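In what follows, a structure is listed as structure tokens, so that the remarks can point back to it.
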Amino acid sequence: MRLSKQLFVTLKEEPADAEVRSHALMARAGFLLKLSSGIYVYGPLLWRVLRKIEAIVREEHERVGAQELLMPAIQPRELWEDSGRWDHYVAEGILFHFKDRKGAEVCLGPTHEEVITTFAKRFIKSYKQLPITLFQIQTKFRDEIRPRFGLMRGREFIMKDAYSFDATAEDMAESYKMMREVYTRIFTRTGLRFMPVEADSGAIGGAGSEEFMVDAETGEDAIAVCRATGYAANVEKAVSRISEPEAATEKVDMHKEPTPNARTCEDLLALFPGLSITRLLKTVLYEVTIGEAKQVVAVMARGDREINEVKLINHLGALNAALATPDIVKRVTGAEVGFAGPIGLADEVRLLADSSVAGVEGFLCGGNETDTHYLDVWFGRDLEQPETVDLGTVQAGDSVVEGEGVIEITRGIEVGHIFQLGTKYSDSMKAVFAPEQGKQQPFHMGCYGIGISRVAASAIEQNHDENGMIWPVQIAPYSVLIVQMRVGDEAQDALAQELYDALEVAGIDVMWDDRKKVNPGAKFKDADLVGIPLRLVIGRDAADRKVEWNPRRGDDKSVLGFDEALAQAKAFIAS
RNA sequence: CGGGGUGUGGCUCAGCUUGGUAGAGCGCUGCGUUCGGGUCGCAGAGGUCGAAGGUUCAAAUCCUUUCACCCCGACCA
């Protein structure tokens with residue numbers, strides 16, 4: 001591609017609204033244009049990147065026999081009523097939905113379980129057709145609560161979604177394992193640093209699931225990892241062993257303590273300097289939506305632990321959980337926020353406890369009275385120990401559950417997510433097949449997603465410097481950039497043309513900066529910004545058939561003869 | 001949805017407090033100049049100041065309403 005004949009625009013200044021490097025650099029390099037919140041034009045160079053990612057994704061799916069298809073973006077409401085997800089998605093506000101001219105409600109697909117299940121129901125009738133895995137690469141629409149970070153969280157984005165259909169749970173596990181390998185190969189080929197982690201399955205539902213995380217400080221997800229044992233899990237899901245609570249030395253009667261304005265654990269520790277934070281039990285109030293109903297739930301946890309709302313929602317089978325408002329707190333505790341406790345709560349409140357409270361002795365907890373706490377409270381004596389379940393958030397320094405090791409918390413970007421759905425959708429949508437003998441059975445399904453556009457953004461997030469992007473060769477918009485210093489110089493024109501032709505013949509995609517009247521400095525700046533991995537500079541030594549070797553990453557510049565440069569370029573691209 | 005903020009040429013912003021000729025830098029066009037890290041000079045094009053209403057002799061500036069966008073929290077590839 002000759003740059004002089006292409007639309008190529010770069011900006012010196014970053015757009016004011018770019019929060020992360022990937023967004024700022026893509027905007028500066030003309031890769032994208034924001035049309036509206038979370039909605040972007042993908043420019044020609046970005047589109048090349050996306051197509052390269054798609055090509056890798058296609059190849060690796062087809063390698064294991066998955067078949068590509070394309071489902072509609074517009075989906076009828078009835079399908080979503082069948083699966084039972086319409087109300088949930090509408091309540092969350094995430095669904096773009098509208099009425100067609102006849103008044104029938106439709107939505108723009110945020111995901112395609114309903115459609116693929118309908119398709120399978122019609123076309124897969126027998127166990128003889130199983131297993132089958134189908135996939136598509138398509139635009140998804142989600143009216144995100146808060147779009148942000150450029151392509152990281154758009155309202156319209158490109159996603160690869162695959163679905164497996166199996167006769168039994170065991171077969172489904174096999175398909176899942178196969179797709180896990182497919183994902184590992186895909187992300188390895190994209191040149192990203194990534195790892196699979198155990199994950200919560202969220203609104204899509206189902207059992208086993210893992211996320212593929214690209215490690216990046218700007219990632220929105222926190223991940224608990226243990227180097228010693230290899231344990232890795234999203235903190236939404238992660239479990240750990242926590243330290244033992246301090247034992248109580250003496251068993252005195254429970255009594256009230258005045259605690260004016262002491263609303264937080266820090267306040268209370270300042271007030272009771274001798275007390276360990278492990279003998280302080282907090283009680284956090286949530287308003288939880290379960291089906292149509294709302295309920296107030298109080299969750300107890302040790303002072304040094306945080307409550308994990310995802311675990312809470314999953315445990316209760318709730319749609320969501322929000323911290324209770326001050327009005328609700330006042331209603332159920334009779335106190336201001338900060339003094340809630342397990343003793344004397346209103347009857348409407350359901351009391352739960354994180355497993356961290358088990359075994360805590362002689363503790364401090366809220367008094368359900370403003371400026372008052374109870375001290376020296378014992379389970380069994382002063383109140384019954386409530387149902388304890390794991391509702392805590394793993395913290396750095398916790399021990400792993402299996403084996404010996406300490407957990408660290410790192411951050412990552414979720415680029416892929418694989419699920420074992422089981423029969424969740426095939427049951428609700430009555431998608432069944434005839435087994436070898438006996439009654440018809442629902443499919444055992446798996447679903448597998450990759451955020452194509454997010455992969456592109458993650459690649460930049462992980463590979464850039466202060467001057468611009470640094471693309472991995474495999475997904476770079478072009479593999480090689482010929483930077484011609486002086487267009488119009490006969491020797492340079494001839495050598496650049498010869499190099500360009502030779503690279504094209506070798507099947508290497510090459511961009512040639514043959515713009516006239518652009519100063520060398522500007523060409524180098526643009527080259528740094530766009531981040532094509534290998535630059536070959538045609539300049540002052542062109543008359544001697546010399547080419548300058550100038551990779552974007554690292555600092556091993558050198559001057560090579562033409563043939564050597566060509567051979568080395570081929571090797572560079574192939575590696 | 002709650003809290004905070006911003007809307008002025010294509011981009012980044014100043015001007016608004018204290019009403020009176022709409023500005024700068026970058027980018028763009030032309031001519032010249034320069035030619036290995038965003039050269040320099042001259043000339044030029046380009047703006048219903050987010051929108052609507054109001055106050056006023058006069059509104060980018062003051063008031064009201066509204067829309068969009070951004071940031072902080074719950075969602076997810």
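Remember, predicted model here, so these are calculated numbers, not experimental data. Below, chain A is the first sequence line, B the second, and so on; all start at residue 1.
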Test item: side-chain donor near acceptor, [X] and [Y], under 3.5 Å:
| X | Y | value |
| --- | --- | --- |
| A/N234 | A/E198 | no |
| A/H112 | A/Q75 | yes |
| A/N314 | A/D200 | yes |
| A/Q484 | A/D514 | no |

Under 3.5 Å, which N/O atoms of the protein pair with N/O atoms of nucleotides 69-71 of chain B?
from	atom 1	to	atom 2	distance (Å)
B/rC69	OP1	A/S36	OG	2.8
B/rC69	OP1	A/S37	N	3.3
B/rC69	O3'	A/K34	NZ	3.3
B/rC70	OP1	A/K34	NZ	3.2
B/rC70	OP2	A/S37	OG	2.9

Would you tabulate the nitrogen or oxygen pairs shorter than 3.5 Å linking the protein to nucleotides 26-30 of chain B?
from	atom 1	to	atom 2	distance (Å)
B/rC26	O3'	A/K12	NZ	3.4
B/rG27	OP1	A/K12	NZ	3.2

Base, sugar-phosphate, or nothing: which does [X] touch, judged by heavy atoms less than 4.0 Å apart?
| X | value |
| --- | --- |
| A/P15 | sugar-phosphate |
| A/I145 | base |
| A/G30 | nothing |
| A/K516 | nothing |
| A/E548 | base |
| A/G416 | sugar-phosphate |

Can you tell me the distance, in whole Å, between the [atom1] atom of [X] and the [atom2] atom of [N]?
| X | N | atom1 | atom2 | answer |
| --- | --- | --- | --- | --- |
| A/D221 | B/rC76 | CG | P | 11 Å |
| A/R28 | B/rG38 | CZ | C1' | 10 Å |
| A/Q492 | B/rG36 | CD | C1' | 10 Å |
| A/M213 | B/rC76 | CE | P | 13 Å |
| A/F157 | B/rC75 | CZ | P | 16 Å |
| A/M485 | B/rU39 | CE | P | 12 Å |
| A/K517 | B/rU39 | NZ | C1' | 13 Å |
| A/F96 | B/rC75 | CZ | C1' | 14 Å |

Side chain to side chain contact (heavy atoms under 4.5 Å, CB included) partners of A/K294, counting only residues at least two apart: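 Side chain to side chain contact (heavy atoms under 4.5 Å, CB included) check on A/K294 returns A/E287, A/T289.
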Between the base of B/rG38 and the side chain of A/D526, is there a donor-acceptor distance below 3.5 Å?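 Looking at the base of B/rG38, it does pair with a donor or acceptor on the side chain of A/D526 (distance under 3.5 Å).
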Is there a donor on the side chain of A/R153 or the base of B/rC76 sitting less than 3.5 Å from an acceptor on the other?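 Pair found.
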Under 3.5 Å, is there a donor-acceptor pair between the side chain of A/R552 and the main chain of A/R535?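 Checking the backbone N and O of A/R535 against the side chain of A/R552, no donor-acceptor pair under 3.5 Å is found.
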Of all pairs that satisfy ring pair (Phe, Tyr, Trp, His ring centres under 6.0 Å), the ones with a partner from residues 445-467 of chain A, not counting sequence neighbours: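 Not a single pair qualifies under ring pair (Phe, Tyr, Trp, His ring centres under 6.0 Å).
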Qualifying ring pair (Phe, Tyr, Trp, His ring centres under 6.0 Å) pairs with a residue from residues 516-544 of chain A, counting only residues at least two apart or across chains: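 Qualifying pairs, neighbours excluded: none.
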Would you say a side-chain N or O of A/N519 is under 4.0 Å from OP1 or OP2 of B/rG38?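 Indeed not, no polar side-chain atom of A/N519 lies that close.
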What verdict does the salt bridge (charged side-chain N to carboxylate O under 4.0 Å, His left out) test give for A/E114 and A/R85, after you've listed the backbone C-alpha separation in whole Å, the side-chain angles of each residue and the deciding distance to 0.1 Å? CA-CA 9 Å; A/E114 282 77 5; A/R85 290 206 292 182; 2.8 Å; yes
Nearest-0.5 Å distance that lies between atom CZ in A/F135 and atom CE in A/M179: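 One finds 8.5 Å between CZ of A/F135 and CE of A/M179.
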Nucleotides 43-47 of chain B: which of its N/O atoms have a protein N/O under 3.5 Å away?
none

Heavy-atom closest pair, residues A/A222 and A/I409: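 A/A222 and A/I409 have their closest heavy atoms at CB-CG2, 4.1 Å.
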